Asker: 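Okay, handing you the structure first.
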Amino acid sequence: MKLLVNLLKLPTFVFSVGLLLLTIFLALLGPFFYPIDVISKVGPPYMAPNAEHLLGTDNLGVDMVSLLIAGLRSSLYVGLFAGIIATAVGTFLGVYAGFKGGWIDDLINMVTNLFLVIPTFVVLILISASLTEGRSLELIGIIIGCTTWTWTTRSVRAQASSLKARDHIALARVNGAGTLKLAMLHILPYLLSYVFMVFIIQVATGVAMEATISMIGLGPFDTVSLGIILESAMNNDALNDGIWWAFIPATVLLTVIVFSLYTLNTSMETVFNPRLRK
Amino acid sequence: MQHKTNIFAAAGITRIFGHGKKSVKAIDAVSFTIEDEEIVSIVGGSGCGKSVLAKMMLGLIKPTAGEFLYSGREIKNLREHWREVQPVFQDPFSCFNQFFTIRSQLESSFCIFKQKPSRREVKERVDGALLAVNIKPNEIEGKYPFELSGGQMQRMLLARIFALRPKVLIADEPTSMVDACVRANILEYLMKLKQELKMTIIFITHDIGLAYYVSDRIFIMHKGQIVEQGSPDTVAFRPQSGHTLQLLEDIPDIHKEWIKR
Amino acid sequence: MPIFEVKDLRLHYLLRYGDKVHAVDGVSFSIEQGEVLGIAGESGCGKSTLVNGCMGLFIPPLCPTSGDVLVEGESLMNRTPKDIRENVLARKVSIIPQGAFNSLNPTRKIKNFAADLINSHEKGGDKKAIYKRLHDRFELLGMETDRVLNSYPIQLTAGERQRSVIGISTLLNPKLVIADEPTSALDVTTQKAVIKMIFDLLERKIFSTMIFITHELPLLRHVANRIGVMYAGQIVEMGTAEQIVFDPRHPYTKALMSSMLSAEPDQKQRKPVTIDGAPPNLVKTIAGCRFADRCKETREECKICKQEIRIVGERLVRCQYAA
Amino acid sequence: MLKKYPTTRYILRSGGWYFLTFLVAISVNFVLPRLGKANPVDIIIAKHGAGKTQHAIQVKEEGYLKEFGLVKLDPDGAIVRDADGKPVRSSLWSQYVSYLGMCLRGDLGTSFMNYPKKVSEIVIEAVAWDFALQLPAIILGWLLGNILGALAAYKRGVFDYLFFPLSLLVCSIPFFAFGMLLKYQFGIVWPIFPTTGGYASNIHYSFSWEFFSNASYYYFLPFMSIFPVLLGGYAIGMRSMGIYELGTDYIRYASYLGIKENRIISYVFRNAMLPQLTGVALNLGNMIGGALIAEIIFSYPGLGTTILKAIQGQDYTLIQGTALLVAIMIIAANFTVDIVIAIFDPRVKAGMAGA
């Protein structure tokens with residue numbers, strides 16, 4: 001509708017959406033164009049890139065390009081998974097606290113501040129360290145999601161409580177709308193644009209956090225992710241031996257994802273925020 | 001003259017906000033009665049407690065002391081109360097949800113009734129209400145709130161009252177955010193509501209000129225107390241309380257001397 | 001020689017796709033020393049745009065099309081923002097902004113904010129001397145000067161903040177003060193107190209000439225010597241306060257005056273006149289009179305031929321049929 | 001008495017609040033590792049126990065159990081044994097209480113890997129290195145980031161057009177990835193800087209000038225892998241806050257009054273800086289987390305490398321110890337930021353006086 005048209009006029013928005021779609025396109029449709037094989041060895045370890053294998057092989061001799069595509073898929077998957085959980089939990093608590101007010105608001109606020117101060121990173125280490133068996137992608141996603149919801153709750157709560165005082169809520173209440181109808185029809189639509197922007201940041205945090213944990217060996221078990229690629233590059237001293245293809249492409253991909261998400265967020269901010277604050 | 005039933009009856013009601021040293025007495029031992037089918041204006045400067053009184057009549061806040069009755073009994077069930085008492089707010093721009101069309105919001109107002117009338121009857125009543133505030137229904141067809149001007153939005157709020165036909169209307173400063181030339185329209189509609197639909201109207205304003213023109217009785221409020229009650233002529237020309245006199249003098253009237261230069 | 005003069009000023013806003021909104025379209029007036037000019041009009045008639053024009057603040061998207069603005073004969077047109085900021089703002093032309101009660105920097109005490117103004121325009125001056133000067137000036141504002149000067153805006157009431165802004169705006173004894181709806185958000189009693197204070201400053205010659213902008217004509221009757229009524233970017237009628245209020249000639253002024261309601265004996269019988277519709281969109285250039293489609297006495301020619309300002313009953317009216 | 005000093009009352013109240021958070025941090029630290037079914041000691045025993053006589057294993061196990069406070073002790077410290085001589089496991093609650101006592105006394109137990117060494121010793125030494133690296137990076141990054149952000153907000157023109165996308169790009173590269181790139185470029189392709197360790201192996205740990213000059217030589221790359229990313233993050237935060245402040249009424253009024261330009265910039269900087277401070281406190285946790293990992297690339301002897309070794313060696317007490325230290329560092333940082341805000345922001349001070 002009108003908003004989308006305004007957005008499409010913004011060069012930064014078009015650029016960031018394009019970049020993001022490119023990465024998603026690469027991740028989802030990559031296998032159709034390039035045979036993905038992350039098990040069989042196609043050459044000697046750390047073979048230099050050649051015509052056939054554009055980015056050479058990793059420390060076990062597996063083709064790097066297929067590793068990257070598979071890694072991209074799982075990193076995006078974890079990021080999305082964590083983003084959805086964090087945003088959903090955060091929005092629900094935020095709207096509930098902002099809208100209900102009173103002691104419930106203070107309680108949720110206290111819990112949020114508490115988790116905000118205790119760093120996500122520490123919680124992740126402790127949980128992952130104790131789960132020795134299969135740390136699947138979903139599990140990692142859940143762990144990240146459950147430790148980054150605090151930021152969403154805090155910002156959504158601020159928006160929801162500022163909305164509560166507006167007259168259209170009073171009018172809706174006088175129309176006989178119950179709490180649920182009020183939240184769904186009169187609070188959420190105003191927050192939707194804001195929640196979507198928060199979701200984008202959460203996905204970016206999820207992707208970056210997954211890479212961080214994998215770097216210290218607590219990443220997903222027996223699957224490939226960008227973090228795992230970087231970790232194996234570090235553990236096998238790929239840097240000292242000048243094997244750039246072991247870590248540079250993974251870093252570039254990681255940065256592209258996070259960068260496109262951040263630019264998307266800032267480009268939407270110029271369109272959405274003034275309207276929301278009106 | 002058939003005996004008028006008391007719509008609102010307040011006996012010594014007080015409302016205090018905050019507690020201890022920081023407490024503020026918004027309403028201070030106020031008593032009044034409001035009968036059926038009359039327009040009562042509550043006039044006072046900012047912070048005199050008139051909006052608090054309006055919220056109390058709507059049942060949104062309870063008095064901390066004294067007894068406040070709506071047609072003889074305490075306000076208990078808000079949904080039932082709102083079937084008979086409806087508000088019009090001050091700021092037309094923030095009154096409507098920007099994500100739904102005007103018509104759908106007007107029609108959803110009927111959810112307040114126990115059984116919502118049939119779709120056809122709702123549509124008829126809304127169209128009738130729009131004509132009552134001289135807006136042609138097709139003018140706002142499929143339109144969203146941000147596509148209308150302030151004056152039109154204020155009329156939408158009144159159209160909602162024409163459609164719902166409550167017994168009592170609480171109009172909290174409906175004219176303060178609107179330009180002078182549209183202000184008179186709003187007052188006309190209030191009088192129309194009273195004459196045609198036998199509605200009781202509480203008109204809250206800080207402009208005694210408007211109150212004088214539109215109301216049957218005027219309450220003057222100052223710092224949480226009703227300092228004067230009476231017909232427009234007695235309040236405007238034979239005021240007893242010093243505060244009313246002060247209020248009348250402070251209004252820049254074109255015929256009278258305002259400030260000695 | 002008039003202290004402030006506006007000659008056929010045209011201002012427009014540049015929108016994103018090249019169309020221009022001609023918010024001010026040919027406004028001319030001049031003010032003598034010691035005179036108060038009132039400007040009245042509905043919201044959206046171009047009052048605030050005119051204010052920016054009168055101060056020489058042509059910050060994009062607002063740009064001047066043509067015409068001239070003179071302060072004591074010195075033009076404000078095509079001058080660098082730096083030049084305007086140093087020599088004109090607050091010294092020659094100063095403004096009391098709309099919504100003045102949240103125009104003060106929340107994290108600075110009133111005395112420091114005022115001192116910034118002085119240091120921006122005058123060289124040196126130690127803290128003591130500046131504080132003394134502020135103290136003397138704020139004494140005139142009828143507030144506990146020491147408490148106000150040493151507190152943050154958040155600790156003051158709306159009325160006190162309003163007075164502090166008026167005190168700061170008139171600190172350097174400007175030649176012309178523009179008050180943009182200074183009392184619109186205040187209730188009647190506070191409004192009267194603020195206006196009384198402004199009269200007091202005028203009498204003490206803190207400043208002598210003023211443009212007072214509001215949409216309430218009765219207020220202008222008591223504040224202004226002359227009143228100009230603006231509609232859709234043009235002055236439609238300009239005359240003495242008594243002429244405009246008691247004997248309006250332009251249909252729009254007549255409608256404005258008769259829509260006023262006041263507590264008078266004959267008010268009950270005199271039904272107030274209403275003006276339906278809304279001001280025209282100023283992107284398209286309008287041939288005839290801009291008030292034609294809302295005017296009660298409109299005729300065919302009104303829509304076609306351009307309405308020029310002419311003298312009718314010793315005042316300026318922009319309507320060829322005004323008697 | 002406290003009524004007269006609102007600031008002190010505010011600081012005491014937030015101090016109490018952060019102490020409560022500290023206690024919760026300890027409890028979280030205690031509960032999380034025990035979520036998994038396997039008891040940490042059993043895993044260690046299974047790992048270290050290979051190849052030793054049954055008796056030796058049993059003695060070692062009881063030593064660990066005692067060490068970990070997992071067994072009931074009778075008053076004079078001997079292990080209470082049940083019918084068939086097996087040590088009686090103490091309840092979770094008493095474990096928690098003993099763990100809490102130990103933490104408050106500052107004793108974080110002994111590390112498994114380097115057995116006799118106390119965890120607190122290892123951790124304190126690592127934290128010293130961390131202060132040297134993290135603190136200057138955060139403070140410098142914060143100051144420079146805010147100044148550049150405020151300028152970008154005010155100037156907007158070419159400076160902003162160039163500066164903004166660059167800082168957005170820099171701050172979206174994860175710390176360790178940036179570290180890897182730097183290490184590769186400046187450590188291997190152009191071997192200018194050393195890339196591993198905190199100081200040259202032939203120099204011993206001392207407070208001599210010679211040691212410091214050498215250490216700073218090693219210090220440069222880890223610092224550069226954290227500093228620009230922090231700077232980019234703060235600059236973006238400040239830029240959006242600055243643009244918001246520029247739209248406010250008081251800035252417009254100040255420009256109407258013809259107040260000098262750099263004075264107006266200082267208004268924007270000062271008023272935008274305070275919410276920025278709360279912003280810093282909020283995501284300090286994530287930042288320190290990421291920065292610690294950057295150390296691993298350069299095996300800089302800070303907490304990050306310690307944590308990595310602890311995880312690889314399954315050294316539970318060390319993991320718990322380092323995790324607790326990181327939490328304490330962040331709680332302390334948040335507390336200091338709270339105090340700074342209380343002192344500098346009149347709005348908060350006025351709010352307190354009113355509260």
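A quick note: this is a predicted structure, and the numbers were derived from the prediction, not measured. Labels below follow one simple rule: chain letters A, B, ... track the order of the sequence lines, proteins then strands, and each chain is numbered from 1. We use all heavy atoms of the structure for the numbers below, so side chains are in, but hydrogens, waters and symmetry mates are not.
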Asker: How many angstroms lie between atom CD of D:Glu245 and atom CG of C:Asn105, to the nearest 0.5 angstrom?
Answerer: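 Taking CD in D:Glu245 and CG in C:Asn105, the distance rounds to 8.5 Å.
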Asker: Given that the side chain runs from C-beta out, which part of C:Leu57 has a heavy atom under 4.5 Å from chain D: side chain, backbone, both or neither?
Answerer: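 For C:Leu57, the side chain is the part near chain D, not the backbone.
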Asker: To the nearest 0.5 Å, what is the distance between CD1 (D:Ile259) and CG (C:Asn119)?
Answerer: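 Nearest 0.5 Å value for the CD1-CG distance: 9.5 Å.
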Asker: For each of C:Leu89, C:Ile84, C:Asn52, C:Ile59, tally heavy-atom pairs with chain D at distances under 4.5 Å, and name the one with the top tally.
Answerer: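 Answer, by heavy-atom pair count under 4.5 Å with chain D: C:Leu89.
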Asker: Has C:Asp126 got more than 12 heavy atoms of other residues, nucleotides or ligands less than 6.0 Å from its CG?
Answerer: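 Yes, CG of C:Asp126 has more than 12 neighbouring heavy atoms, counting only those of other groups under 6.0 Å.
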Asker: Between D:Leu257 and C:Ser169, which heavy-atom pair has the shortest distance, and what is it?
Answerer: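 The answer is CD2-CA, 4.2 Å.
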Asker: Taking C:Lys82, C:Lys109, C:Arg85, C:Gln98 one by one, which has the highest count of heavy-atom pairs under 4.5 Å against chain D?
Answerer: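 Among the listed options, the one with the most contacts to chain D is C:Arg85.
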Asker: Mind checking the CD1-OH spacing from C:Ile168 to D:Tyr253? Nearest 0.5 Å is all I need.
Answerer: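 Going from CD1 on C:Ile168 over to OH on D:Tyr253, the span is 5.0 Å.
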Asker: Does a side-chain heavy-atom distance below 4.5 Å link D:Tyr256 with C:Val93?
Answerer: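 D:Tyr256 does not reach C:Val93 side chain to side chain.
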Asker: Using non-hydrogen atoms only, which part of D:Ser255 is less than 4.5 Å away from chain C: side chain, backbone, both, or neither?
Answerer: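 Contact with chain C involves the backbone of D:Ser255 alone.
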Asker: Is it the side chain or the backbone of C:Val165 that comes within 4.5 Å of chain D heavy atoms, both, or neither?
Answerer: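 Answer is both: backbone and side chain atoms of C:Val165 are under 4.5 Å from chain D.
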Asker: Can a donor-acceptor pair be found, under 3.5 Å and without considering hydrogens, that links the side chain of C:Ser120 to the backbone of D:Lys260?
Answerer: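 Such a contact is found between C:Ser120 side chain and D:Lys260 backbone.
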